[in-house]
There are 2 protein chains.
Amino acid sequence: MKEKNPTREKLLDITFEEIYIHGYASTSIGSILKKASIPKGSMYHFFKSKKVLVIAMIQERLFPKMDLFFNYKKEKEQSVFSNLKDTFVSMSKHKKLIIYGCPFYRLMVELSPIDKEFDSLLMLKYNELLLGLETLFQEGIDNNEFSKSLNAKHFAEFYLSSVWGVLSLSPSLSSAKNFITHIRYILNTLESYKIS
Amino acid sequence: MKEKNPTREKLLDITFEEIYIHGYASTSIGSILKKASIPKGSMYHFFKSKKVLVIAMIQERLFPKMDLFFNYKKEKEQSVFSNLKDTFVSMSKHKKLIIYGCPFYRLMVELSPIDKEFDSLLMLKYNELLLGLETLFQEGIDNNEFSKSLNAKHFAEFYLSSVWGVLSLSPSLSSAKNFITHIRYILNTLESYKIS
DNA sequence: ATTAAAATAGACTGATTGGTCTAGTTTCTT
DNA sequence: AAGAAACTAGACCAATCAGTCTATTTTAAT
């Protein structure tokens, strides 16, 4: 099975990698093209500007990767709490995630304050993530795993930003061990709402 | 009392503001000079490069501002917990902080992965902040405000990154109300270690 | 008042940026 | 096989970047 537009696909791959590490402003089109060994004409054939390229990268690379991470498929009868613990363990094994943080959050920190288009695109995904988490926590409340005093939406917001904050610390502070240690406190917070 | 080097001081002020909002890479020297109405010669008389200018800004503007925020002066007999609550209330009144997040954290997210010099400068301050917080929590433990099962250092790390994570969300998600709501969960975590 | 030093002023430079343009090549369609 | 469409190739462009340079003005020292 032959892939369509291998040039386009490769461009999106390299764009993701470069911007993840260096950020949007510090990544030049030239450096992407050089790394991908793709001439300029090809890139501008598929994407009319740097911004359009990056928006496509966000939609076709970043968002799908996030969907994998935030896919809270529970085993039958598994509690929400133990489900989250599993998620964190699996996150802690992704070296790049631990070292460089969440690519979504890093883009948001860089671009949201200065670009409305990027911001609204990222906010669409943010709201989607939030809703997924909120639903998960609400499920826990409805199943008497958590106290009704837990506000599913507010806790989801805290949870997301807190995990991002921990993940996106300087690489020189980042290790799987530190990540797990910090994340335990987030779980502690949730645990205090557990109905024993 | 006449200030020394008003040109230099103004440059540092404007550099802080511009980089806070736009980030390091997206802020050009030209835009700083234009906003400050200062010619290039003057800037390069005081600072030999953009990097040197920004390092001076970090040391002479960013760090002192942070010292104000993280100055956990306690009233006599005030508990650590109530002291932190006061800090958050005062933080929630700083509009720019709420909207644009912590300038230190934003610089760290942008520069730490790609520049060793900036990273080590920022890490010096990080360790200082951390030690201050650790000491504060340890004080609470020693005074029987918190359980001995609280690890002062680990909690300080969680606390810092969590607050930063909440603060540095997109401006379109940022409000003082949201900040307080999210921060309450961090305090909840700490509260669970309280000795009643 | 004279001289030296500090600061200002901005034209200029070479490198790099995002983006354009045209010519050629490959692939698809019929 | 022929023609059209898709894609590749990279030279080229204007704008912008950080940084240099020299000339001039202001301030400080004696």
Side-chain angles (χ1 to χ4, degrees), chain A residues 1-61 107 110-111 114-118 121, chain B residues 1-61 107 110-111 114-118 121:
Chain A
M1 171 176 150
K2 210 169 111 192
E3 219 178 332
K4 256 195 185 171
N5 284 333
T7 301
R8 205 189 103 103
E9 299 302 310
K10 189 174 185 185
L11 263 173
L12 293 175
D13 287 336
I14 306 265
T15 300
F16 173 82
E17 292 299 332
E18 289 295 290
I19 290 187
Y20 180 20
I21 309 299
H22 299 96
Y24 178 81
S26 294
T27 301
S28 71
I29 290 195
S31 69
I32 292 172
L33 296 175
K34 195 176 167 187
K35 198 152 202 171
S37 300
I38 288 171
K40 215 164 223 192
S42 301
M43 187 230 129
Y44 279 95
H45 171 73
F46 291 111
F47 309 101
K48 75 162 199 226
S49 69
K50 181 185 182 184
K51 198 163 174 173
V52 166
L53 165 65
V54 174
I55 285 174
M57 176 278 277
I58 290 173
Q59 292 172 324
E60 299 176 38
R61 289 293 181 278
L107 265 185
E110 180 185 4
L111 296 177
I114 54 175
D115 190 293
K116 282 183 186 175
E117 269 182 78
F118 280 120
L121 177 60
Chain B
M1 170 175 154
K2 209 169 112 192
E3 220 178 330
K4 257 195 183 171
N5 286 333
T7 300
R8 205 188 103 102
E9 300 302 310
K10 188 174 186 184
L11 264 172
L12 293 175
D13 287 337
I14 307 265
T15 300
F16 172 83
E17 292 300 333
E18 289 295 291
I19 289 187
Y20 180 22
I21 308 300
H22 299 97
Y24 177 81
S26 294
T27 300
S28 72
I29 291 194
S31 69
I32 292 172
L33 296 174
K34 194 177 169 187
K35 199 153 201 171
S37 299
I38 288 170
K40 216 163 222 191
S42 300
M43 186 231 130
Y44 278 96
H45 172 71
F46 292 111
F47 309 99
K48 76 162 198 225
S49 69
K50 181 184 182 184
K51 199 163 175 173
V52 166
L53 166 65
V54 173
I55 285 173
M57 177 279 277
I58 290 173
Q59 292 172 324
E60 298 177 39
R61 290 293 180 278
L107 264 186
E110 180 185 3
L111 296 177
I114 54 176
D115 190 293
K116 281 183 186 176
E117 269 183 78
F118 280 120
L121 177 61

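Chain letters run A, B, ... following the sequence lines, proteins first, then strands; residues in each count from 1. As a basis for the values below, the full set of heavy atoms in this structure was taken, side chains included, without hydrogen atoms, waters or symmetry mates.
- Residue Lys50(B) is in sugar-phosphate contact alone, with no base atom involved, counting any heavy-atom pair closer than 4.0 Å across all strands shown.
- Following rounding to the nearest Å, Asn5(A) (CG) and dT27(C) (P) show an atom-to-atom distance of 13 Å.
- Put simply, NZ on Lys10(A) is 11 Å from P on dT8(D), counting in whole angstrom units.
- In terms of phosphate contacts, Ser28(A) brings a side-chain nitrogen or oxygen within less than 4.0 Å of OP1 or OP2 of dT17(C).
- Picking from dG19(C), dA7(C), dA9(C) the nucleotide with the shortest atom distance to the side chain of Ile29(A) gives dG19(C).
- Within 3.5 Å, a donor on the side chain of Lys40(A) pairs with an acceptor on the base of dG19(C), or the reverse.
- Following rounding to the nearest Å, Lys34(B) (NZ) and dT16(D) (C1') show an atom-to-atom distance of 12 Å.
- Here dG18(C) presents its C1' atom at 16 Å from CZ of Phe47(A), a figure rounded to the nearest Å.
- With rounding to whole Å, Ile38(A) atom CD1 is found 17 Å from dT26(C) atom P.
- In this structure, His45(A) places its NE2 atom 16 Å from C1' of dG10(D), rounding to the nearest Å.
- Going from atom NZ of Lys48(B) over to atom C1' of dG19(D) covers 12 Å, rounded to whole Å.
- Remark: Glu60(B) CD to Glu9(B) CD distance equals 6.5 Å, nearest 0.5 Å.
- Taking CG of Leu12(B) as the reference point, atom CD of Gln59(B) lies at 10.5 Å (rounded to 0.5 Å).
- At the phosphate of dA9(C), neither OP1 nor OP2 sits under 4.0 Å from any side-chain N or O atom of Ser42(B).
- Across all strands shown, Ser37(B) has no heavy atoms under 4.0 Å from either base or sugar-phosphate atoms.
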